[in-house]
Amino acid sequence: MTITEFLENFIRKESLFKNKSVLQSAYFPEEVLHREEQISQIAKILAPSLRAERPSNIFAYGKTGTGKTLTIQYTLKEITKISQRENIPLKHVYINCKLKKVADTEYRLIAEISRHLGKNIPPTGLPTDEVYNIFYKALNNEKKIIILVLDEIDQLVKKVGDEVIYNLTRINTELKESQLSIIGISNDIMFADNLDPRVKSSLSEEEIVFPSYNAIQIQDILKKRCAEAVKEGVIEDGVIAKCAAYAAREHGDARRALELIRVAVEIAERKGLSKITLQELDESEEKIEKDRVVDIITTQPKQFQLVLYSILMIAERKKNNDPIFTGDIYSLYKDLCNKTNLRPLTQRRVSDVISEFDLLGIINAKVISKGRYGRTREVNIVTNDAMNTKIISLLETSLSL
DNA sequence: CGAGATTCATGTGAAGTATACCTTTAGGCTTAA
DNA sequence: AAGCCTAAAGGTATACTTCACATGAATCTCGTA
């Protein structure tokens, strides 16, 4: 079959999707299932904002894929509808703190919020105080109640400490025209315990817990979305149930379950099938994990890639699941640097690089003491053998080894 | 045999450096009166 | 003389390095039973 034939076939063949975007993570549904409780709690807490009173700060937590972000955005959207209709001075700003180079330091976070308020702030060069000043002014100019949503706030605090949050919660005392209220979203349930008590008490004036979905709830969500997104009969009986059961058993992660289905359908489409089966579901799972890792890896700087490559090579060499230690990684990394004419980073820095990979979830690294034989990080790779081979060759091309 | 002391390999914090980028300011040049 | 542009000066955040000290359990040491 020639390429032309293939492409012609492809358009002629009907897509299995009715509307693929419904299954994509950016999709914003009309209705949020199984979060009635949380929605009403949030609405109650935020309602005073419609009377131009500052609502309490909210701290929302729950595992990934439990609908935190969605629920909060949904509620805010409803409130905004009303505030616009009634001409109530209310505004909300949503920031994801995890995004590298966007909101992962104090400076960048404040700068990013200010940008949402219409200020132009350079990526570097200004004193942080100055950025705070611009931020105060921007807030005051709004003359509004401002609800600031900080998603993945735990990531931010892990990196730069809780002082930023403290400053933000205290800012109201200096504001005359506007009032700021904060909604913090965290995946890490233990997160709040490590906060400065002052920060903790002011951030979590109200707490909202998002429990994991159970299998039945995930199934509901899947059915609803699939009905909109995919054509009738594409999804074989039992596939949704299986997928839901699987997701519920793992983490109760609805986002993942949705993605699993979407990718499974894409795979089926590519194979020229008319419906998906458990087989595609399995393949889908593998593909998602691979895409995630590939995405992370390719966006890392060369030095980081080389560190990861070293880790994988050592893992490969050992074959069994022996743990890998920092020293081995560093010496291999240094050799490779010499071969590639890259200036090696210091061990101190590589140590941080390794823990960044840990944070990204590509590897598992924990600090252990080997008694007499010193202390080190014990690194384990999370991905399976087949994928490692792929990653290795990907890295080899990228690093031209 | 068991309580302390020792030891190793690296973690980790603090301070310093290079780089990239920002604002301000002082000349220098152009322009219009 | 006023206006505009440019380049230097002075300042900052960030990624990384350098330096120095902290860690913590396996192992060693040595007094005691």
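The sequence lines fix the lettering, A, B, ..., with proteins before strands; numbering per chain opens at 1.
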Has the side chain of Arg349(A) got a donor or acceptor atom sitting under 3.5 Å from an opposite partner on the base of dT17(C)? no

Consider salt bridge (Lys or Arg N to Asp or Glu O under 4.0 Å). Of Lys77(A), Arg225(A), Lys224(A), which one does Glu31(A) pass it with? Lys224(A)

Please determine which of Glu228(A), Glu266(A), Glu269(A) meets the salt bridge (Lys or Arg N to Asp or Glu O under 4.0 Å) test together with Lys20(A). Glu266(A)

Just call it for Thr326(A): base, sugar-phosphate, or nothing, with non-hydrogen atoms closer than 4.0 Å on any strand. sugar-phosphate

For dT29(C), take OP1 and OP2 only and decide whether either is under 4.0 Å from a side-chain N or O of Arg372(A). no

What are the residues of residues 297-318 of chain A, sorted by number, that bring a heavy atom to within less than 4.0 Å of DNA chain B? none

Select one nucleotide: of dG11(B), dT18(C), dA13(C), the one nearest the side-chain heavy atoms of Thr128(A). dA13(C)

Could you tell me whether a side-chain N or O of Asp188(A) sits under 3.5 Å from a main-chain N or O of Asp154(A), the two making a donor and an acceptor? no

Would you mind reading off the distance between Asn133(A) atom CG and dG11(C) atom P, rounded to a whole angstrom? 18 Å

Phosphate oxygens OP1/OP2 of dT10(B): is one of them under 4.0 Å from a side-chain N or O of Arg377(A)? no

When you measure from the side-chain N and O atoms of Tyr373(A) to the phosphate of dA25(C), is any distance below 4.0 Å, counting only OP1 and OP2? no

Where the side chain of Lys68(A) meets the backbone of Gly62(A), is there a donor-acceptor pair that is under 3.5 Å apart? yes

Think Arg262(A) forms a cation-pi with Phe17(A), using NZ or CZ under 6.0 Å from the six-ring centre and within 45 degrees of its axis? no

Identify, between Pro123(A) and Ser369(A), the residue whose nearest nucleotide on DNA chain C lies closer to the 5' end. Pro123(A)

Nearest of dC22(B), dG11(B), dT18(C) to any side-chain atom of Pro122(A)? dC22(B)

Rounded to whole Å, how long is the line connecting atom CD1 of Ile110(A) with atom C1' of dT12(C)? 16 Å

Which nucleotide in the list dG24(C), dA13(C), dT17(C) gets nearest to the side chain of Arg343(A)? dT17(C)

Of the candidate nucleotides dT17(C), dT10(B), dT23(C), which contains the atom at the shortest distance from the side chain of Arg375(A)? dT23(C)

Nearest-Å distance, CD (Gln347(A)) to P (dT18(C))? 13 Å

Rounded to the nearest Å, what distance is computed from the CZ atom of residue Arg108(A) to the P atom of nucleotide dT12(C)? 18 Å

Donor-acceptor contact below 3.5 Å, side chain Gln303(A) vs main chain Arg343(A): yes

With a 4.0 Å cutoff (strictly under), does any side-chain N or O of Ser351(A) reach OP1 or OP2 of dG11(B)? yes

Rounding to a whole Å, what distance do you find between Asp358(A):CG and dG11(B):C1'? 14 Å

Is there, by distance only and without an angle test, a donor paired with an acceptor across the side chain of Arg348(A) and the base of dG13(B) below 3.5 Å? yes

May I ask you to establish whether Arg198(A) and Tyr166(A) are in a cation-pi arrangement, using a distance under 6.0 Å from NZ or CZ to the six-membered ring centre and at most 45° from the ring axis? yes

Without decimals, in angstroms, what is the distance between Glu378(A) CD and dA26(C) P? 13 Å

Between Glu106(A) (CD) and dA13(C) (C1'), how many Å, whole number? 11 Å

Does the side chain of Asp151(A) reach to within under 4.5 Å of the side chain of Lys98(A), using non-hydrogen atoms? no

Below 4.0 angstrom from OP1 or OP2 of dC21(B), is there any side-chain N or O of Thr124(A)? no

Once you round it to whole Å, what is the distance between P of dC21(B) and CD1 of Ile121(A)? 17 Å

